Amino acid sequence: MDLYDVDGHKGGSGELNALSKNRIQAVSEQTVSYKPDLVGLQEDVNNWVNNMSLGDSYECYRPNTVHTVNTMEYCSIYVKNGLTVKSHGWNWLTSDGTNSTVALTYDGLVESGRMSAEELASLGHYEGSNLKKNGLEKDRYSLASRLMNYVVLDIGGETVIYVNTHLQHRGHNTSNYESASAVYKTLYKLRFLERCAQMDKLEKIVEELKTEYGTQKVIMTADFND
């Protein structure tokens, strides 16, 4: 479920407008009505986390840090009471495992030949650049840190890993790619490569979890944006 707060991108600090309140209420009521065992949310910024109301039917699992940006999403997982959660956790899908970077690096892109220094310069990125958004005007040509959230369940005596995530949006395969300007074609390429890099990070983490918990059973929900 993509749930980004629609009130001017205020995220978790601004006053919820009527549409946002109605959406939160509708999602909460529908979830309680259908009673799914597992629910994965995407774009659930602070206002969503603080206002979702599922009564006592679910336990919520989400990253255990307070994000400095109110519009940072949690990819929360709700587990219906009665299911056994053996473990849970989360990871950044970034080059250094923190939210200070993104999955790609400038040097990695240029050295691998996937993008040229000229292409990256057209987006305002130069040698040593961090490709992550940082609040500057050129942020529309930058990328955002993304994370994955997971719970490890015992279902009927079998271990099942449930993963929820949200990968980089837009890429060179979008419908408006052919009509885009040169700089946006380059940006879509960068976004596509970032999404691929995030998926590589995700696959590595999931393989490590499968080894750690001795299971091949994985359920994944996401906004894959692909």
Side-chain angles (χ1 to χ4, degrees), residues 1-4 24 26-45 48-49 52-65 67 72-99 101-104 143-171 173 191-226:
M1 299 179 184
D2 292 316
L3 304 176
Y4 201 85
I24 292 173
V27 171
S28 297
E29 290 179 352
Q30 192 169 46
T31 301
V32 172
S33 173
Y34 282 103
K35 300 181 178 65
D37 289 334
L38 301 168
V39 179
L41 305 184
Q42 296 95 37
E43 299 184 8
D44 52 331
V45 295
W48 279 91
V49 170
M52 280 286 288
S53 179
L54 302 182
D56 298 325
S57 302
Y58 290 86
E59 185 73 25
C60 181
Y61 295 88
R62 58 178 178 263
N64 56 359
T65 64
H67 295 302
M72 180 63 73
E73 64 180 296
Y74 291 86
C75 290
S76 299
I77 293 173
Y78 289 81
V79 180
K80 189 176 180 180
N81 288 341
L83 287 181
T84 300
V85 176
K86 301 169 67 173
S87 182
H88 62 92
W90 65 283
N91 298 85
W92 289 106
L93 301 176
T94 61
S95 62
D96 65 356
T98 77
N99 69 337
T101 63
V102 293
L104 292 172
L143 304 165
S145 304
R146 299 294 174 100
L147 59 83
M148 60 84 72
N149 190 20
Y150 70 90
V151 295
V152 183
L153 304 158
D154 184 321
I155 301 179
E158 295 195 66
T159 300
V160 179
I161 302 167
Y162 173 47
V163 176
N164 186 41
T165 191
H166 179 192
L167 303 183
Q168 170 66 46
H169 70 299
R170 299 177 186 154
N173 56 346
R191 288 171 171 169
F192 172 76
L193 291 172
E194 172 69 7
R195 188 162 66 240
C196 293
Q198 289 169 347
M199 193 66 201
D200 288 343
K201 299 285 183 184
L202 180 61
E203 287 182 328
K204 181 179 179 181
I205 293 168
V206 170
E207 287 302 315
E208 290 171 351
L209 289 172
K210 287 161 64 177
T211 298
E212 180 178 355
Y213 292 99
T215 184
Q216 294 296 311
K217 298 183 184 302
V218 178
I219 300 170
M220 185 179 294
T221 56
D223 183 349
F224 291 105
N225 274 315
D226 207 347

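The model shown is predicted, which means the values in this text are computed figures rather than measured ones. Throughout, numbering of the chain's residues begins at 1 and tracks the sequence.
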Would you compute the distance between atom [atom1] of [X] and atom [atom2] of [Y] and round it to the nearest 0.5 angstrom?
X      : Y      : atom1 : atom2 : value
Gln168 : Ser145 : CD    : OG    : 10.5 Å
Trp90  : Ile77  : CH2   : CD1   : 13.0 Å
His169 : Asn225 : NE2   : CG    : 7.5 Å
Asp226 : Arg195 : CG    : CZ    : 4.0 Å
Met220 : Asn164 : CE    : CG    : 9.5 Å
Leu143 : Glu194 : CG    : CD    : 4.5 Å

Practice prompt. Determine, stepwise, if the pair Thr221 / Tyr162 fulfils side chain to side chain contact (heavy atoms under 4.5 Å, CB included).
Written response: CA-CA 8 Å; Thr221 56; Tyr162 173 47; 2.6 Å; yes
Evaluate the side-chain proximity of [Y] to [X]: yes if any heavy-atom separation is below 4.5 Å, no if none is.
X      : Y      : result
Glu59  : Val85  : no
Leu153 : Thr84  : no
Asn91  : Asn149 : no
Val27  : Met52  : yes
Val32  : Glu29  : no

Under a plain distance cut-off of 3.5 Å, with no hydrogens placed, do [Y] and [X] share a side-chain donor-acceptor pair?
X     : Y      : result
Tyr78 : Thr31  : no
Lys86 : Thr159 : yes
Ser28 : Ser53  : no

Worksheet item: Does the side chain to side chain contact (heavy atoms under 4.5 Å, CB included) test come out yes or no for Glu158 and Ile155, once each step is laid out?
Response: CA-CA 5 Å; Glu158 295 195 66; Ile155 301 179; 5.6 Å; no
Discussion item. Leu93 and side-chain contact (heavy atoms from CB on, under 4.5 Å): which single residue from Leu147, Asp200, Leu167 fits?
Written reply: Leu167
Looking only at heavy atoms, which two atoms of [X] and [Y] are closest? And how far apart?
X      : Y      : answer
Arg62  : Tyr74  : CD-CD2, 3.9 Å
Ser76  : Asp44  : OG-OD2, 2.5 Å
Tyr213 : Ser87  : OH-OG, 2.9 Å
Pro36  : Tyr58  : O-OH, 2.6 Å
Gly97  : Trp92  : O-CD1, 3.4 Å
Val163 : Met148 : CG1-CE, 3.8 Å

Worksheet item: Using 4.0 Å as the upper bound for N to carboxylate O, is an ion pair formed by Glu207 and Lys210?
Response: yes
Practice prompt. Could you give me the CA-CA distance, side-chain angles and deciding distance for Ile161 and Val206, then say whether side chain to side chain contact (heavy atoms under 4.5 Å, CB included) is met?
Written response: CA-CA 8 Å; Ile161 302 167; Val206 170; 5.8 Å; no
Worksheet item: Short question: side chain of Thr101, backbone of Thr94 - any donor-acceptor pair under 3.5 Å?
Response: no
